[in-house]
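See structure below.
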Amino acid sequence: MSKYKWKDLTKLKSPSMAYDSPLSVLCHIDVNCFYAQVEAIRCGYTKEDPVVCVQWNSIVAVSYAARKYGISRMITIQEAMKKTDKLIPIHTAVFKKGEDFWQYHDGWGPWNPDKDKRLPSSDYKISLDPYRRESRKIFKIFTEYCDLAEKASVDEVFLDIARLCLQSLMCSEQLIPGKENPETIQLMQAKFKDESYDGNQFLPAVPGELKELPFIGDVYNPEDLPLIEDWDDVLFALGSRIAQELRDEIKQTLGYTTSCGLASTKNVCKLASNFKKPDAQTIIKNSCVNTFLDNGKFEITTFWSLGGILGKELIQILKLPQQGSNGYVRENWPTRDSLRKSLSRAVRESPSTSSTIIDASRTNEIADKLYDLVRGQYRVAVTPQTIVKSMMSNKNMTGQACSGLADCFSWLEVFAGELAGRVHELEQEYDKIIRPRTIHILVRAKSGDTHSKSGPFVQNGAKISSQDLLKAGAKLVAELDAKFARGKEHSFYPLININMSISNLDVVDCRKSVIDMFGNQASVQGRQRKANVGNNQSASLANEPFKENWCDECNKTFETSREFQEHADYHIALALSEKMNGTNDCSRRLTFGEKRLLMRRNAPEPPSKRRSKPKSKTAGSSSDIFKYFKKE
DNA sequence: TACTCACAG
DNA sequence: GGCTGTGAGTA
């Protein structure tokens, strides 16, 4: 007889409950050296080519071919190139300061003999968009195959493949090719189909024929236990085939090699996928999980979420050994309650100098988690992908890359372009409208002090635009500048960091009504405006509409955009001359109207066009204007 | 809203 | 070890 019950098996039918069954089958898939693979594939290299992905002077991802030369992350590109002249360094895509699109500059990087082609970090910002894009393609394949996929990071996914395994087991007429299913299986399949089982009944023993089922990949089995004893093993064997098929599909359609771990819990899956790389899969059967966790490579700090100071503190406070902590915890605290008591007492009695982060009110929760983790039994649900909750675009700087308000604006332009582009891509992916409600600007001053300012974000149209973000960001930056830079320039500029983020992302179904999208208040405003204007079909009524060729400063509309441009030039020239001639207070900043004019004259191309390399630069783009500021 | 901390690849 | 990010907590 099996040690599992019918309800353990049927629980697998439900995506929301399967993870909690003792028969659960999860897997974790990790794209090997992801950034390096993206660049290698993009540039047409094979896995034999020693490609590394470079960011400034650092190596952020190393292909396996390059690892053979002893190249790893942590070392600089200069050091790596000394190790082999075969190295193929590829820099990430970048935004240029003052531009709102990213592009690749293949061949450019710190190694380029031409000093103009070295991508100084003072003038550029890293773009991770290409990796997010590839990540979405990969994730799409997972979701097509599997009814429950959780995106764990840009290059990692958790899958609950229980339904796929269950379907193999309970719907297949030939579990072993060419052989009729044993009678036990036929009976089980009939019961399962009719739902004529009693959930509390134990399952039958696994019939001998099924113990021949092959595993695809590496079963962790140092003690040479029988591969298939109970139904969990059968499901893992079937799962290993499914995982291989999935990974083959990724390889064939997109070209990426992956590593995969199969196990009953997310934590063990993650350790397993990391166990053998690249292009491998490791299966941790339930009967081998303790041996796996004790194999000498893992400690409690290896578990996800325990990698930081919480893990260290647990070791200290529970007096765990530096090595073999998993087995130690298992053996010394054989019951949940004993570990709860020990941890709670240890926290209570610990001197106030140590243990700063274990909250006394959470000791039971943490103890239970640890108890389960060291047994490979910490069951956490696989949650379907949730939309991001915030997005940030960030730039760290050394030197003079941001030494005034004008520089801030140039970086804001980058941030606004990046964030608007990312929102658009997300909208396309989900076929939803995404409306950020809050915008946040944070700067780290020369002194090291951080200052931030945030506020509500309202956009002009139904879709977010980089101008809206730029406008809102510029306002916040100007306020920070006014508050912290004026009269204190010595501690403020040059900034060592500046970033823009958006949050409170409202997600709206595209098919929903204007009321759903903009709220009742806005909808009332919209109707009012509609009534005034007449037959206005636009849905972008929530806020002040974007008035074509309208000058805020003069409260005046111009006939043509050309006339408007000339008028805008007049304002900017005025502001510049005041600034450069010193006729005005040197610290005079552009008025908000002037800034707005500046922004408007740079209406970007549609996002689809902006991704490609622009052939010629529009005369009078903001970077051209801002270069005058730098001379002051 | 402003700011800090923890954690991860 | 620097860079890029996400999320939670606090006042």
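Just so we're on the same page: letters track the sequence lines, and every chain starts at 1. Predicted, not measured: the structure shown is a model, and the values here were computed from it. Any value given below was found using the heavy atoms of this structure, including those in side chains, with hydrogens, waters and symmetry copies removed.
- Annotation: proximity of residues 390-400 of chain A to DNA chain C (heavy atom, distance under 4.0 Å) is found for A:S390, A:M391, A:M392, A:N394, A:N396, numbered in ascending order.
- In this structure, A:R422 reaches the C:dT6 phosphate: one of its side-chain N or O atoms is under 4.0 Å from OP1 or OP2.
- The side chain of A:K270 places an N or O atom within less than 4.0 Å of a non-bridging phosphate oxygen (OP1 or OP2) of B:dG9.
- Phosphate proximity of B:dT4 to A:T450: present, with a side-chain N or O under 4.0 Å from OP1 or OP2.
- Partners of A:R340 under the side chain to side chain donor-acceptor pair (under 3.5 Å) rule, at least two apart in sequence or in another chain, are A:D368.
- Smallest separation of non-hydrogen atoms from A:C146 and A:L159: SG-CB, 4.1 Å.
- If you take CG of A:N504 and C1' of C:dG7, they are 13 Å apart, rounded to a whole angstrom.
- The NZ atom of A:K125 sits 6 Å away from the P atom of C:dT4 (whole-angstrom rounding).
- Nearest nucleotide to the side chain of A:E418, out of C:dG5, B:dA8, C:dG7: C:dG5.
- The side chain of A:Q55 lies closest to C:dT4 when the candidates are B:dC3, C:dT4, B:dT1.
- B:dC5 atom P lies 10 Å from atom CD1 of A:I309, rounded to whole Å.
- Rounded to an integer number of Å, the gap from A:H440 NE2 to C:dG5 P is 15 Å.
- No side-chain N or O of A:K297 forms a donor-acceptor pair with one of A:T302 less than 3.5 Å apart.
- Rounding to whole angstrom units, CZ of residue A:R444 and C1' of B:dC3 are separated by 11 Å.
- The distance from atom CH2 of A:W56 to atom P of C:dG2 is 16 Å, rounded to the nearest whole Å.
- A salt bridge between A:D449 and A:R444 is absent, with no side-chain N of the basic residue lying under 4.0 Å from a carboxylate O of the acidic one.
- Rounded to an integer number of Å, the gap from CG of A:L128 to P of C:dG2 is 18 Å.
- Rounded to a whole Å, the NE2 atom of A:H28 is 12 Å from the P atom of B:dA8.
- Side-chain N/O atoms of A:K453 include none lying less than 4.0 angstrom from OP1 or OP2 on B:dT1.
- The main-chain N or O of A:A152 is never found under 3.5 Å from a side-chain atom of A:H28 such that the two would form a donor-acceptor pair.
- A:L310 comes within 4.0 angstrom of sugar-phosphate atoms only, judged by non-hydrogen atoms across all strands, and of no base.
- For C:dG2, neither phosphate oxygen OP1 nor OP2 lies less than 4.0 angstrom from any side-chain nitrogen or oxygen of A:R73.
- When heavy atoms are screened at a 4.0 angstrom cut-off, A:D155 is found touching the sugar-phosphate backbone but no base atom.
- In this pair, A:W411 and A:F415 present their aromatic rings parallel. The plane angle is below 30°, not in the 30 to 60° band.
- Every ring-ring contact (aromatic ring centres under 6.0 Å, His included) that A:Y131 has, sequence neighbours left out, goes to A:Y35.
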